[in-house]
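Structure first, then comments.
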Amino acid sequence: MLIRLGYDMQFYLPAPVSFVAQLRVHPSRVPDLREPDLVHTNPELPLEEYSDTFGNLCTRFYAPAGNLRLYSSTLIEDPGQPDPVARNAREIPTQELPADVLRFLLSSRYCEVDLMSPIASDLFGGISPGWNRVEAVCSWVHQKVTFGYNFARPTKTALDVYTERQGVCRDFQHLAVTFCRALNIPARYVAGYLGDIQIPPTDTPMDFSAWFEAYLDGRWWTFDARHNHPRVGRVLMATGRDAADVAFLTSFGTSTLQRFTVVSDEVPAGQASEVSSAT
């Protein structure tokens, strides 16, 4: 299938501000693009592209005071299959993990592994290791935490989510990631596009989404404590230890968001053939 991706966000800046944006699709999905994936600004600004320490594509720029618009539209080809499931995937002993995976066992800004380890052991220590244990973590978080945009706050950590039992998409994932790490299962936070594809339409506005990946059987697997069932049409943008590493926009100064629109829609079959012939 083809998926139309894009965003349009507008800010007011009372003074000049430096920004770092993570708004491009992940390098692993670049071969699937059927149109350029570029960050556009109004006013037009010099942009510096670079890769961060996690391999995510970043865009750095300096914006003058006044109104700022960031926007983009691109097209990506997707297999159209649900998230893969491998119920026999096993946990890898810590001593056998690749060196670059070890950092995803440690505490980070929003994931207090040390504080949550006794809780994780009590809740999930008796569950057979491997896929079933990660699945049990997702189901517990999905059932125990209530979703609501009014529960969002930028300082909320996994321990806060466990205590309050409320949060937004990223909070579900932070808690699940922390539980997994506390059980010695490497887990990393993921940001990307996830539209209402092959599911009943929801009444919530489209936004960038969060899920997480657990390292089992020598590879990363997709899990989602917020929705807790395989979905179609995920498009990876960035991975990191938690939301602090994959913010879609980081401003080093004051900026007021005035408009925010995200698009992640399947292109109807008829239009898909038109796009294919045009490209």
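- Results of the side-chain hydrogen bond (donor to acceptor under 3.5 Å, both in side chains) test with S108 over H174, R181, R103 single out R181 as the only residue that passes.
- Crowding of N88 atom CG: a count of heavy atoms from other residues, nucleotides or ligands under 6.0 Å not exceeding 12.
- For the residue pair R4/S73, the side-chain donor-acceptor check at 3.5 Å is satisfied.
- When hydrophobic clusters are built by joining Ile, Leu, Val, Met, Phe, Trp and Tyr residues whose side-chain heavy atoms come closer than 4.5 Å, directly or via intermediates, V263 is not grouped with V235.
- W211 carries R234 over the face of its six-membered ring, with the cationic atom under 6.0 Å from the centre and within 45° of the normal.
- Ion pairing between R170 and D242 fails under the 4.0 Å rule for side-chain N and carboxylate O.
- Looking only at atom types and distance, the side chain of E112 has a donor-acceptor partner in the side chain of T157 under 3.5 Å away.
- No chain of hydrophobic side-chain contacts below 4.5 Å, direct or via other Ile, Leu, Val, Met, Phe, Trp or Tyr residues, connects L249 to V246.
- Within the structure, every pair that satisfies the ring pair (Phe, Tyr, Trp, His ring centres under 6.0 Å) test and touches residues 32-60, not counting sequence neighbours, is listed here: H40-Y71.
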With ring pair (Phe, Tyr, Trp, His ring centres under 6.0 Å) as the criterion, how do F223 and W131 come out once you've worked through the C-alpha distance, each side chain's angles and the decisive distance to 0.1 Å?
CA-CA 10 Å; F223 290 90; W131 186 279; 4.5 Å; yes

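- Between Q143 and N228, the side chains place no donor N or O within less than 3.5 Å of an acceptor N or O (distance only, hydrogens not considered).
- For R241, the CZ atom is loosely surrounded, since the number of other residues' heavy atoms within 6.0 Å does not exceed 12.
- Around atom CZ of R165, more than 12 heavy atoms belonging to other residues, nucleotides or ligands sit under 6.0 Å away.
- Within the 4.5 Å cutoff, the side chain of Q173 has heavy atoms near those of the D224 side chain.
- Inspection of the E49 and T59 side chains reveals an N or O donor paired with an N or O acceptor under 3.5 Å.
- Comment: D160 does not engage K156 in a salt bridge, judged by the lack of any side-chain N to carboxylate O separation of less than 4.0 angstrom.
- Of the possible polar contacts, one joining the S107 side chain to the V113 backbone as a donor-acceptor pair under 3.5 Å is found.
- Counting heavy atoms from C-beta outward, V134 and L216 have side chains that approach closer than 4.5 Å.
- E44 CD: 12 or fewer foreign heavy atoms inside a 6.0 Å radius.
- Salt-bridge check for D245 with R188: failed, with every basic side-chain N at 4.0 Å or more from each acidic carboxylate O.
- L70 is listed as a side-chain neighbour of L23, based on a closest heavy-atom distance under 4.5 Å.
- V137 has its side chain within reach of L183: a pair of non-hydrogen atoms, C-beta onward, lies under 4.5 Å apart.
- Neither F179 nor V101 shares a network with the other; the hydrophobic side chains, linked directly or stepwise wherever heavy atoms of I, L, V, M, F, W or Y lie under 4.5 Å apart, form separate groups for each.
- The salt bridge (Lys or Arg N to Asp or Glu O under 4.0 Å) check on R219 picks up nothing, with sequence neighbours excluded.
- Taking 4.5 Å as the limit, every side-chain heavy atom of T239 sits out of range of all side-chain heavy atoms of Y189.
- Residues L5 and V25 form a side-chain contact, since some pair of their non-hydrogen atoms from C-beta on lies under 4.5 Å apart.
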All N/O donor-acceptor pairs, side-chain side in residues 6-21, below 3.5 Å, sequence neighbours left out:
| from | atom 1 | to | atom 2 | distance (Å) |
| --- | --- | --- | --- | --- |
| D8 | OD1 | R69 | NE | 3.1 |
| D8 | OD2 | R69 | NE | 3.3 |
| D8 | OD2 | R69 | NH2 | 2.8 |

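- Between Y215 and F104, the distance from one ring center to the other does not fall under 6.0 angstrom.
- Residues Y110 and T178 have side chains not in contact (no heavy-atom distance under 4.5 Å, counting atoms from C-beta outward).
- Side-chain atoms of T74 and R34, non-hydrogen and from C-beta on, never get closer than 4.5 Å to each other.
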